[in-house]
Amino acid sequence: MSTHDLSGGGDVLDRVARFAQRAAVAYGCPPASTVRLLNVSENATYLVEHPDQGPCVLRVHRLGYHTGAEIESELAWMDALRAEAGVRTPRVLPAPGGQRVLALPDTENAGDAGAELRHCVRFEYLPGTEPADDDATHFAELGEITARMHRHSREWARPSWFTRFSWDYETAFGARPRWGRWQDGIGVGPAERAVLGRLAEALAGRLARFGTGPGRFGLVHADTRLANLLVDGGRVSVIDFDDSGFSWFLYDVGTAVSFFEHQPHVPELVDSWLSGYRRVLSLPAEDEAEIWTFIMFRRLLLVAWIGSHQAAEIARQLGAGYTQDSCDLAERFLSGGGKE
C-alpha cells in the first residue's frame, strides 16, 4: 500500500501547516498572512489571507504523489483549457522569481540538507459554492463542461515534456495500486472480499473488452465531483486537477457521483449528465451501455481510498458503511449483467 504522509493526524497536519506558512512567504505573501486549512485529501489546501493582498489558495502536496514535471503538466492543461476550451480554471500565481511550482525542504531546520522536498502551488482564489449533489441542473452543466474538456483533450497538442499518470485497471487494482488495496478497506471481511472480488473480476473483463482506443481513452480530469465545481452567479469554475491523467473518458462520469453512487437518485443524475454531455459531444450507444462499469470502477477505488486515508474527514464519516453499501451495489450490478 502506498503511504500517505498527510494521513498521520493532528501532529502531522500541524507540521504541514507550519510548512504552508513558510511556503506562503516564499510565494511573496506577507509574513503576517493567515493560513487556514480548507481541505485534506491527497494534498492539504489552505486559504492565505492578508489585509494588504487579495486572498489566494495554497496547495501543499503529499510527498511522493507527483513529480515536479507532473505538476507542471497539470498546470499546463489547466492553462490550455482556460485559454482554448472556455473552461474556467484557477490561474497559477507564481513566486517572485517566476516559479509556478516550488519544491521546499520539508523541515523546520534550515540546516537539514537531507530533508525531503515538498511541492506546493499557489492559485488565485475563485469565489463560489459547491452545488448540491441532488441538483440535476448542475449535473447537466457538469456533463457539458466535461465534454468540453474531453474535446479539448482529444485535439490538444500536448507539450513534448507533458507527463501524467494513468488510471487503468493495473494502476487501480494491480500489484501496486495507487490508493492501496480495496481488500484493506474498512470493514472488508471474508464475505465482503468475496463479493468485491467478483466485482473486480467482472470489471477486469468488461474493461479489457471495452479497450483503450483513442476515442475512449485519453487525458481526463479524473475527479469531476461537484465538490470540484464552484458556482458563482452564472459562472462555473472547475478546480482540483491533481488527479488528472490518462484514463477512459467515461471514468469522469464515474467520478461525478463519488461517495454516493448507491443513492436512488443517481440514475436520474447520470441522465442529466448525459444530456449536458451531448450538447457538445456524441456518445455511442455501446459506450453509454458501460457507464455503470465506470461508476463501479470508481466505487471500488474509493473503498481502497477510504482504507488508506482513514484520517480524512470523509473517510471517517463513511467508514465500514460505505463498504457494505458497495457490496450491495456490486450484487445489483453483477446480477444485472453490468447495469445497476
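The basis for the numbers below is simple: all heavy atoms, side chains too, and nothing from hydrogens, waters or symmetry mates.
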Determine whether V280 and R151 satisfy the following criterion, side-chain contact (heavy atoms from CB on, under 4.5 Å), listing intermediate values before the conclusion.
CA-CA 8 Å; V280 178; R151 183 174 62 189; 3.5 Å; yes
Yes or no on side-chain contact (heavy atoms from CB on, under 4.5 Å) for V101 and H61, after CA distance, side-chain angles and deciding distance?
CA-CA 10 Å; V101 180; H61 282 255; over 6 Å; no
Please walk me through it: do R206 and F297 pass side-chain contact (heavy atoms from CB on, under 4.5 Å)?
CA-CA 10 Å; R206 297 184 77 93; F297 177 84; over 6 Å; no
Show, in sequence, the C-alpha distance, side-chain angles and deciding distance for S244 and R164, and conclude whether the side-chain contact (heavy atoms from CB on, under 4.5 Å) test is met.
CA-CA 7 Å; S244 62; R164 292 295 292 179; 3.4 Å; yes
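Across all their heavy atoms, E286 and F210 have their closest contact at O-CE1, 4.4 Å. What you find for A330 and L199 is that their closest heavy atoms are CB-CD2, 3.9 Å. The shortest heavy-atom contact between E290 and F294 is O-CD1, 3.2 Å. Residues A26 and P96 share a closest heavy-atom pair of O-CD, 3.5 Å. Nearest heavy atoms, L58 versus A23: CD2-CB, 4.0 Å. Minimum interatomic distance between V195 and C327 (heavy atoms only, all atoms of both residues): CG1-O, 3.7 Å.
Around atom CD of E201, no more than 12 heavy atoms belonging to other residues, nucleotides or ligands sit under 6.0 Å away. More than 12 non-hydrogen atoms from other residues, nucleotides or ligands lie less than 6.0 angstrom from CD of E130.
Atom-to-atom distance recorded for D287:CG and T293:OG1 is 11.0 Å, nearest 0.5 angstrom. To the nearest 0.5 Å, atoms CG (D243) and OG (S41) are separated by 7.0 Å. Summarising the geometry, atom OG1 belonging to T171 is positioned 10.5 Å from atom CH2 belonging to W179; distances are rounded to the nearest 0.5 Å. Taking CG of N43 as the reference point, atom NE2 of H119 lies at 11.5 Å (rounded to 0.5 Å). Here the OG1-CZ distance, from T89 to R82, works out to 4.0 Å after rounding to the nearest 0.5 Å. The CZ atom of R100 lies 10.0 Å from the CG atom of L93; values are rounded to the nearest 0.5 Å.
Using modelled atom types, one side-chain atom of H66 and one backbone atom of D242 make a donor-acceptor pair closer than 3.5 Å. No donor-acceptor pair under 3.5 Å is formed between the side chain of Y322 and the backbone N or O of A315. Side chain of R122 to main chain of C56: no donor-acceptor pair is present (N/O by atom type, distance under 3.5 Å, no hydrogens or angles). The closest donor-acceptor contact from the side chain of R198 to the backbone of L334 lies at 3.5 Å or more, if one exists at all. Side-chain atoms of E84 do not come within 3.5 Å of backbone N or O of L81 as any donor-acceptor pair. With S153 contributing its side chain and V220 its backbone, the two residues share no donor-acceptor pair below 3.5 Å. Judged purely by atom type and a 3.5 angstrom limit, W248 uses its side chain to pair as donor or acceptor with the backbone of G211. A distance-only check finds a donor-acceptor pair linking the side chain of E70 to the backbone of T67 [under 3.5 Å].
Hydrophobic clustering, with ILVMFWY side chains joined whenever heavy atoms are under 4.5 angstrom apart, groups L300 together with I306. V121 and W77 fall within a single hydrophobic cluster, where Ile, Leu, Val, Met, Phe, Trp and Tyr side chains are chained together by heavy-atom contacts under 4.5 Å. Both I291 and M296 are part of a single hydrophobic cluster, where members link through side-chain heavy atoms under 4.5 Å apart. No single ILVMFWY cluster, assembled from side-chain heavy atoms under 4.5 Å apart, contains both V87 and I239. The hydrophobic clustering, which links ILVMFWY residues whose side-chain heavy atoms are closer than 4.5 Å, places L302 and I186 together.
Within the 4.5 Å cutoff, the side chain of V48 has no heavy atoms near those of the P55 side chain. For the pair V270 and I295, the minimum side-chain heavy-atom distance is below 4.5 Å. In this structure the side chain of T146 never reaches within 4.5 angstrom of the side chain of H221, judged on heavy atoms. Using a 4.5 Å cut-off on side-chain heavy atoms (C-beta onward), V253 and F139 make no contact. Two residues are said to be in side-chain contact when any heavy atoms from C-beta on lie closer than 4.5 Å; R278 and E288 meet this criterion. Under the 4.5 Å side-chain criterion, counting only non-hydrogen atoms from C-beta, R15 is in contact with D106. L301 is not listed as a side-chain neighbour of W182, based on a closest heavy-atom distance of 4.5 Å or more. With contacts defined as side-chain heavy-atom distances shorter than 4.5 Å, the pair R88/R235 qualifies.
With sequence neighbours excluded, no residue forms a side-chain hydrogen bond (donor to acceptor under 3.5 Å, both in side chains) with T45. Not counting sequence neighbours, the partners of R225 by the salt bridge (Lys or Arg N to Asp or Glu O under 4.0 Å) test are D223.
Between L281 and the options E144, R148, R154, a side chain to side chain contact (heavy atoms under 4.5 Å, CB included) holds for only R154.
Pairs passing the side-chain hydrogen bond (donor to acceptor under 3.5 Å, both in side chains) check and including a residue from residues 20-35, sequence neighbours excluded, do not occur.
Using bins of under 30°, 30° to 60° and over 60° for the plane-to-plane angle, the ring pair F165/Y65 lands in the perpendicular bin. Classified by interplanar angle (parallel below 30°, tilted 30° to 60°, perpendicular above 60°), the ring pair W305/H309 is parallel.
T255 and T224 share a donor-acceptor pair across their side chains, judged by distance under 3.5 Å alone. Residues H262 and D328 have side chains that never bring a donor and an acceptor to within less than 3.5 angstrom of each other. Side chain to side chain, S326 and R299 meet the donor-acceptor criterion of an N or O pair below 3.5 Å.
The six-membered or imidazole ring of Y277 lies away from that of F249, with a centre-to-centre distance of 6.0 Å or more. Ring centers of F19 and Y46: at least 6.0 Å apart, outside the cut-off.
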